[in-house]
Asks: 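For reference, the structure I am asking about is given below.
Basis for what follows: all heavy atoms, side chains included, without hydrogens, waters or symmetry-related copies.
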Amino acid sequence: MDIASSAISPPTGKKQPRTERGRKTLRKLLDAAAIEFGEKGFHEASISGITRRAGTALGSFYTYFDSKDEIFRALVKDMSVQVKQHAATAMADWTNAIEREHSALSAFMQFAREHKEIYRIIDEAEFVDPESYRSHYQDTANRILERLQEGHENGDFHDGLEEGHAWAIMGMNVFLGLRYGIWSEEKSAEEVASIASSILEKGIVKDKQGSRLD
């Protein structure tokens, strides 16, 4: 992973980096942790493995984290922030709500392909740190719901959209990312986003004459 230091989520409970050097060290530790946890899983991963990958001293680890559990929690939060920022950048310019959702999913697909470890890490969080796991998905659903509500206000979506709709869209995006971002890349990110956009825009129901409803 090679994310700018501005994307770092501060670790919980210990010293915050106050210098550029400190921020770079923390970034190295989080990036190394992503690889270590992604390759070995939480239980087989080790602090020494993280510091070796980061090229930092063991003492540097304990400057920011008390334990493997703590850096794992920080990593889940950090990856959630990265996904959010990646999508926000992609959605900077849009003309309608469907186009914005298309851009969000396309950006997520690209991120997942570049950081395939995210699925294993988030999945393990369900058992290692359920609070982080739930927060990751709840925050994502909240952002989608905000976009749906804004889409209604802009006249692109009908009214009555609620949290359940946001979770349904998120579920679709997550599994499309798994199928075409992690398991294979046989379709481009744009092609996958277009499939989702078509479902949001036109659905899959036929009218009584046998043609798809527009």
Asks: For the pair Ser103 (side chain) and Glu99 (backbone), establish whether a donor and an acceptor sit closer than 3.5 Å, ignoring hydrogens and angles.
Replies: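 Such a contact is found between Ser103 side chain and Glu99 backbone.
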Asks: Would you say the side-chain atoms of Arg113 pair up with the backbone N or O of Gly177, donor to acceptor, closer than 3.5 Å?
Replies: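 Checking the backbone N and O of Gly177 against the side chain of Arg113, no donor-acceptor pair under 3.5 Å is found.
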Asks: Against Leu161, only a single residue in Ile169, Leu148, Leu145, Ile144 fulfils side chain to side chain contact (heavy atoms under 4.5 Å, CB included); can you say which?
Replies: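 Option passing the side chain to side chain contact (heavy atoms under 4.5 Å, CB included) with Leu161: Leu148.
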Asks: Just wondering, more than 12 heavy atoms not from Glu44 lying within 6.0 Å of its CD?
Replies: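 No, because the 6.0 Å sphere around CD of Glu44 holds 12 heavy atoms or fewer from other groups.
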Asks: Looking only at non-hydrogen atoms, find the nearest pair between Glu124 and Phe37 and report the distance.
Replies: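 Heavy-atom minimum between the residues: OE1-O, 4.3 Å.
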Asks: Can Trp167 and Glu162 be said to form a side chain to side chain contact (heavy atoms under 4.5 Å, CB included), step by step?
Replies: CA-CA 9 Å; Trp167 279 85; Glu162 55 183 78; over 6 Å; no
Asks: List the atom of Ser46, the atom of Gly49, and the distance in Å for their closest heavy-atom pair.
Replies: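 What the structure gives for the nearest pair is OG-N, 2.9 Å.
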Asks: May I ask you to decide if Asp66's main-chain N or O and Glu70's side chain share a donor-acceptor pair within less than 3.5 Å?
Replies: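 Such a contact is found between Glu70 side chain and Asp66 backbone.
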Asks: Could you tell me whether the side chain of Glu126 reaches within less than 4.5 Å of the side chain of His136, counting heavy atoms only?
Replies: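 The answer is no; the side chains never approach within 4.5 Å.
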Asks: Does Ser197 reach the main-chain N or O of Ala193 with its side chain, forming a donor-acceptor pair under 3.5 Å?
Replies: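 Yes, the answer is positive, given that a donor and an acceptor are paired below the 3.5 Å cut-off.
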Asks: State, yes or no, whether a side-chain contact exists between Ile118 and Val83 at a heavy-atom distance under 4.5 Å.
Replies: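 Yes, side chains in contact.
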Asks: Run the salt bridge (charged side-chain N to carboxylate O under 4.0 Å, His left out) test against Arg147 and tell me which residues pass, sequence neighbours left out.
Replies: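 Arg147 satisfies salt bridge (charged side-chain N to carboxylate O under 4.0 Å, His left out) with Glu101 only.
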Asks: Atom CG in Asn96, atom CZ in Phe157: separation rounded to 0.5 Å?
Replies: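 Result: 8.0 Å between the selected atoms.
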Asks: Treating Ile, Leu, Val, Met, Phe, Trp and Tyr as nodes and any side-chain heavy-atom pair under 4.5 angstrom as an edge, say whether Met109 and Met91 lie in one connected cluster.
Replies: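 No: no chain of side-chain contacts under 4.5 Å links Met109 to Met91.
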Asks: Say you draw a straight line from CD1 of Ile98 to NZ of Lys202; how long is it, rounded to the nearest 0.5 Å?
Replies: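 Rounded to the nearest 0.5 Å, the CD1-NZ separation comes to 10.5 Å.
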Asks: Supply the atom-to-atom distance Met170 CE to His165 NE2, rounded to the nearest 0.5 angstrom.
Replies: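 Answer rounded to 0.5 Å: 14.5 Å.
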Asks: For side chain to side chain contact (heavy atoms under 4.5 Å, CB included), just list the numbers for Ile47 and Tyr62, CA-CA rounded to whole Å, side-chain angles, deciding distance to a tenth of an Å, and then say yes or no.
Replies: CA-CA 10 Å; Ile47 292 173; Tyr62 288 105; 3.4 Å; yes
Asks: Going from CD on Gln149 to CG on Asp159, what distance comes out if it is rounded to the nearest 0.5 angstrom?
Replies: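 Result: 11.5 Å between the selected atoms.
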Asks: If you compare all heavy atoms of Ala141 against all heavy atoms of Ala166, which two are closest, and at what distance to 0.1 Å?
Replies: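 Closest pair (atom of Ala141, atom of Ala166, distance): O-CB, 3.5 Å.
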Asks: Could you tell me how the ring of Phe61 sits relative to the ring of Phe65: parallel (under 30°), tilted (30 to 60°) or perpendicular (over 60°)?
Replies: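 Ring orientation of Phe61 relative to Phe65: tilted.
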Asks: Identify the heavy atoms of Leu29 and Ser60 that sit nearest to each other, and give their distance.
Replies: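 Heavy atoms only, the tightest pair is CD1-O, 4.0 Å.
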Asks: Counting distance only, does the side-chain N/O of Thr51 pair as donor-acceptor with the main-chain N or O of Ser48 below 3.5 Å?
Replies: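 Flag set: sc Thr51 to bb Ser48 pair under 3.5 Å.
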Asks: Quick one: does any side-chain atom of Asp129 pair with a main-chain N or O of Arg73 as donor and acceptor, under 3.5 Å?
Replies: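 Absent.
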Asks: Going by salt bridge (charged side-chain N to carboxylate O under 4.0 Å, His left out), name the residues that satisfy it together with Arg100, two or more places apart in sequence or in a different chain.
Replies: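 Once residues adjacent in sequence are excluded, the partners of Arg100 under the salt bridge (charged side-chain N to carboxylate O under 4.0 Å, His left out) criterion are Glu150.
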Asks: Could you give me the CA-CA distance, side-chain angles and deciding distance for Glu146 and Asn142, then say whether side-chain hydrogen bond (donor to acceptor under 3.5 Å, both in side chains) is met?
Replies: CA-CA 6 Å; Glu146 289 178 3; Asn142 289 344; over 6 Å; no
Asks: Rounded to the nearest 0.5 Å, what separates atom OG1 in Thr63 from atom CG in Leu58?
Replies: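 Thr63 atom OG1 to Leu58 atom CG measures 10.0 Å (nearest 0.5 Å).
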Asks: Treating Ile, Leu, Val, Met, Phe, Trp and Tyr as nodes and any side-chain heavy-atom pair under 4.5 angstrom as an edge, say whether Ile71 and Tyr133 lie in one connected cluster.
Replies: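 The answer is yes; both residues are in one hydrophobic cluster.
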Asks: Around atom CZ of Arg134, are there more than 12 heavy atoms from other residues, nucleotides or ligands closer than 6.0 Å?
Replies: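 12 or below, so no.
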Asks: With clusters defined by side-chain heavy atoms of hydrophobic residues (ILVMFWY) lying less than 4.5 Å apart, directly or transitively, does Phe127 cluster with Leu75?
Replies: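 No, because Leu75 and Phe127 fall into different hydrophobic clusters, even though each may have its own neighbours under 4.5 Å.
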Asks: Looking at Lys84, I'd like to know if its NZ atom is crowded, meaning that more than 12 non-hydrogen atoms belonging to other residues, nucleotides or ligands lie closer than 6.0 Å.
Replies: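 No, not enclosed.
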Asks: Under the criterion side chain to side chain contact (heavy atoms under 4.5 Å, CB included), I'd like the reasoning laid out for Phe108 against His86: C-alpha separation, chi angles, the key distance, then a yes or no.
Replies: CA-CA 7 Å; Phe108 173 69; His86 200 71; over 6 Å; no
Asks: Pick out which of Arg120, Lys68, Arg53 makes a salt bridge (Lys or Arg N to Asp or Glu O under 4.0 Å) with Glu36.
Replies: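 Testing Glu36 for a salt bridge (Lys or Arg N to Asp or Glu O under 4.0 Å) against Arg120, Lys68, Arg53 leaves exactly one candidate, Arg53.
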Asks: Do you know which two heavy atoms are closest between Pro17 and Leu26, and how far apart they sit?
Replies: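 For Pro17 versus Leu26, the nearest heavy atoms are CG-CD2, 3.8 Å.
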Asks: Is there a side-chain contact between Arg27 and Asp78 in this structure, where contact means two heavy atoms from C-beta onward sitting under 4.5 Å apart?
Replies: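 Result yes, sub-4.5 Å side-chain heavy-atom pair found.
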Asks: Please determine whether residues Leu105 and Trp94 belong to a single hydrophobic cluster, defined as Ile, Leu, Val, Met, Phe, Trp and Tyr linked transitively by side-chain heavy-atom distances below 4.5 Å.
Replies: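 Leu105 and Trp94: separate clusters.
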Asks: How long is the gap from NZ on Lys116 to CG on Leu178, to the nearest 0.5 Å?
Replies: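 Between Lys116 NZ and Leu178 CG, I get 10.0 Å after rounding to 0.5 Å.
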Asks: Output yes when Lys40 and Glu117 qualify as a salt bridge under the 4.0 Å nitrogen-oxygen rule, no when they do not.
Replies: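 Salt bridge between Lys40 and Glu117, a charged N being under 4.0 Å from a carboxylate O: no.
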Asks: Which heavy-atom pair separates Tyr119 from Asn173 by the least distance, and what is that distance?
Replies: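 Of all heavy-atom pairs spanning Tyr119 and Asn173, the closest is OH-O, 4.3 Å.
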